[in-house]
Amino acid sequence: AKTHQRGGYEYFTRSMGVEIRERVLLMHALRAAFEHQRLFVVYQPQIDIRSGKILGAEALLRWRTDDGKFIPPDQFIPIAEYSGLIVDIGEWVLRSACHELVYLRGLGYTDFQMAVNVSQVQFSHPLFLQTLNKALEDTKAPPQFVELEITESMAMKDPELLIKTLRQIKQLGVSISIDDFGTGFSSLSHLQKLDIDKLKIDRAFVNDIQENASEGSIAKMIVQLGQNLGLAVIAEGVENQMQADTLLSYGCNLAQGYFYAKPLTRADLHAWLENRPSH
Ligand code: C2E
Ligand code: CA
Ligand code: CA
Ligand code: CA
């Protein structure tokens with residue numbers, strides 16, 4: 001019976017095709033990597049363009065395999081999501097980011113804001129609020145310096161649940177930013193009903209800002225929308241001075257991107273912060 005079963009399994013995996021088989025393998029490898037602490041968090045600084053001051057950082061997950069290869073989050077996050085692993089991994093990222101926030105406060109960076117990505121799967125988990133609350137309590141991270149980045153597409157799935165959950169998150173003192181804004185086609189009337197603090201302009205629209213940028217750029221429209229709704233606006237993926245200047249001329253004074261800093265390991269972040277003239 002055993003050999004038969006194994007034969008059946010092989011047949012099954014072969015028939016699934018390379019893509020799905022690879023995904024299953026990746027899922028097992030990811031679980032092992034998480035258990036063996038081969039995942040780590042990097043931090044990409046966010047800047048106030050006008051003053052040059054540091055606003056804070058976004059926590060981003062990294063996976064380095066045993067043979068030193070990096071697997072990009074765009075590849076493994078979807079796998080973590082459909083396998084449900086993202087619930088535990090996401091909690092661990094949140095806690096790591098909260099610990100780092102508290103550490104930085106101890107170094108004197110007392111205005112530092114820590115942004116953490118939250119997947120739809122985590123967010124709609126019945127214990128999410130409890131998990132968030134516990135992470136804040138255990139790490140002693142001040143909620144008003146923690147921000148959750150949720151994606152626009154989440155706003156589409158279950159609007160009533162979203163409105164309720166956002167309200168509860170806000171009651172904890174944590175703020176909310178809409179990530180990849182402009183890519184999810186959420187309706188404006190809907191947006192107005194959500195208790196959010198910030199819009200994050202997707203990298204694609206920042207990339208569209210070229211030398212001969214037209215006046216009707218999407219980035220500009222998002223900045224105006226944010227202003228009309230009384231929300232802060234931050235641009236991601238800023239790669240050069242021209243983009244930063246253009247964004248500033250639109251009225252967007254918060255930015256994140258390679259032009260300022262790549263995502264940094266903890267040690268690199270500390271060195272980067274200490275070497276800034278404003279410190
Ligand atoms: P995201 O949340 O939109 O994160 C921004 C991505 O843009 C990051 O990619 C960052 O490294 C990259 N980036 C930043 N500045 C620049 C720039 O100037 N130019 C270019 N070309 N890229 C820039 P990364 O770290 O590979 O993450 C990809 C995505 O994976 C993230 O997109 C996010 O959706 C997801 N992700 C990463 N960490 C987590 C996590 O802890 N939890 C969840 N749920 N998702 C995560
Ligand atoms: Ca993000
Ligand atoms: Ca984004
Ligand atoms: Ca993006």
Side-chain angles (χ1 to χ4, degrees), residues 30 33-34 39-47 49 55-64 69-101 113-125 128 131-132 135 146-155 175-184 196-209 218-219 222 233-244 246-247 252 254-265 268-269 272:
L30 177 60
F34 180 50
L39 301 184
F40 61 102
V41 181
V42 289
Y43 299 90
Q44 186 175 33
Q46 300 181 330
I47 307 289
I49 311 177
L55 177 74
E58 176 182 8
L60 292 159
L61 188 58
R62 290 292 177 266
W63 174 10
R64 186 172 40 218
K69 247 184 23 197
F70 283 97
I71 301 180
D74 286 335
Q75 254 174 54
F76 70 81
I77 298 281
I79 288 165
E81 285 174 333
Y82 88 51
S83 64
L85 266 173
I86 194 69
V87 173
D88 287 344
I89 294 178
E91 177 178 0
W92 174 79
V93 172
L94 175 67
R95 285 175 168 269
S96 305
C98 285
H99 277 300
E100 182 60 16
L101 174 66
Q113 297 264 356
M114 186 62 82
V116 182
N117 292 286
V118 176
S119 146
Q120 153 84 44
V121 177
Q122 280 173 277
F123 200 79
S124 50
H125 193 283
F128 178 69
T131 302
L132 173 62
V146 175
E147 180 176 89
L148 301 183
E149 295 193 1
I150 66 172
T151 57
E152 201 183 353
S153 53
M154 279 163 65
S175 55
I176 304 281
S177 136
I178 305 283
D179 204 356
D180 301 339
F181 190 78
T183 62
I196 56 174
D197 304 280
K198 194 185 277 175
L199 302 179
K200 201 164 183 187
I201 306 173
D202 191 66
R203 193 163 81 217
F205 305 126
V206 174
N207 194 49
D208 282 344
I209 302 174
I218 291 177
I222 294 174
V233 178
I234 184 167
E236 72 175 8
V238 177
E239 293 184 350
N240 57 55
Q241 183 78 60
M242 187 273 301
Q243 289 170 341
T246 307
L247 286 160
C252 172
L254 305 178
Q256 176 183 346
Y258 296 169
F259 180 56
Y260 302 100
K262 295 209 165 176
L264 305 168
T265 61
D268 288 346
L269 174 68
W272 186 86

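Treat the numbers as computed from the prediction; the structure is a model and nothing was measured. For the single chain, residues carry numbers from 1 onward in sequence order. Indexing begins at 1, ligand by ligand and atom by atom, following the structure's order.
Closest to atom 16 (C) of ligand 1 by heavy atom, among Tyr260, Trp63, Tyr258, is Tyr258.
Put simply, CG on Leu148 and OG on Ser177 are 9.0 Å apart, with the number rounded to the nearest 0.5 Å. Considering CH2 of Trp92 and CG of Asp88, their distance stands at 12.0 Å, rounded to 0.5 Å.
Only the side chain of Pro263 comes within 4.0 Å of ligand 1, judged by heavy-atom distances. Contacts between Asp179 and ligand 1 below 4.0 angstrom, taking non-hydrogen atoms only, involve the side chain exclusively. Contacts with ligand 1 closer than 4.0 Å are made by side-chain heavy atoms of Ile77 only, the backbone lying farther away. Contacts of Lys262 with ligand 1, taken as heavy-atom pairs under 4.0 Å, are absent altogether. Only the side chain of Glu236 comes within contact range of ligand 1, with a heavy atom under 4.0 Å; no backbone atom does. Counting heavy atoms closer than 4.0 Å to ligand 1, residue Val93 contributes side-chain atoms (C-beta onward) but none from N, CA, C or O. Contact annotation for Val238 and ligand 1: only backbone heavy atoms (N, CA, C, O) come within less than 4.0 Å of the ligand.
Below 4.0 Å from some heavy atom of Asp74 lie the following atoms of ligand 1, by number and element: 28 (C), 29 (C), 30 (O). Less than 4.0 angstrom separates some heavy atom of Gly257 from each of these atoms of ligand 1: 15 (N), 18 (O). Distances below 4.0 Å separate heavy atoms of Glu239 from the following atoms of ligand 1: 17 (C), 18 (O), 19 (N), 20 (C), 21 (N). Short contacts between ligand 1 and Asp180, defined as distances under 4.0 Å to a heavy atom of the residue, involve ligand atoms 3 (O). Of all atoms in ligand 1, listed by their number and element, those nearer than 4.0 Å to a heavy atom of Arg203 are 6 (C), 7 (O), 12 (C), 13 (N), 20 (C), 21 (N), 22 (N), 23 (C). If you number the atoms of ligand 1 from 1 as listed, the ones under 4.0 Å from a heavy atom of Gln44 come out as 14 (C), 15 (N).
At a 4.0 Å cut-off, at least one heavy atom of Arg62 sits close enough to ligand 1 to count as contact.
In terms of polar-atom proximity, Glu149 is not counted as a contact of ligand 1, lacking any N or O under 3.5 Å from an N or O of the ligand. On a distance-only criterion, Gln122 and ligand 1 share no N/O pair closer than 3.5 Å. Note: an N/O pair closer than 3.5 Å links Glu58 and ligand 1 by distance alone. When only interatomic distances are considered, the shortest N/O to N/O separation between Leu60 and ligand 1 does not fall below 3.5 Å.
Side chains of Gln46 and Ile234 form a contact here, defined as non-hydrogen atoms less than 4.5 Å apart. With contacts defined as side-chain heavy-atom distances shorter than 4.5 Å, the pair Leu132/Val118 does not qualify. Using a 4.5 Å cut-off on side-chain heavy atoms (C-beta onward), Ile49 and Tyr260 make contact. For the pair Val93/Asn117, no side-chain contact is recorded, criterion being any heavy-atom separation below 4.5 Å from C-beta on. Counting heavy atoms from C-beta outward, Thr131 and His125 have side chains that stay 4.5 Å or more apart. In this structure the side chain of Gln120 never reaches within 4.5 angstrom of the side chain of Thr151, judged on heavy atoms.
Its N, O or S atom nearest to the Ca ion (ligand 2) is what matters here, and for Glu149 that atom is OE1. Taking the Ca ion (ligand 2) as reference, the nearest N/O/S atom within Asp179 carries the name OD2. Taking the Ca ion (ligand 2) as reference, the nearest N/O/S atom within Glu58 carries the name OE2.
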Decide side chain to side chain donor-acceptor pair (under 3.5 Å) for Ser119 and Glu81; before the verdict, give the C-alpha distance in whole Å, the side-chain angles of both, and the deciding distance to 0.1 Å.
CA-CA 8 Å; Ser119 146; Glu81 285 174 333; 2.9 Å; yes

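Ionic pairing of Lys200 and Glu147 is not present here: no N-O contact between side-chain nitrogen and carboxylate oxygen is shorter than 4.0 angstrom.
Asp180 contributes OD1 and Glu236 contributes OE1; the angle these two atoms make at the Ca ion (ligand 3) is 130°, rounded to 10°.
Side-chain N/O atoms of Gln256 and Glu58 include a donor and acceptor closer than 3.5 Å.
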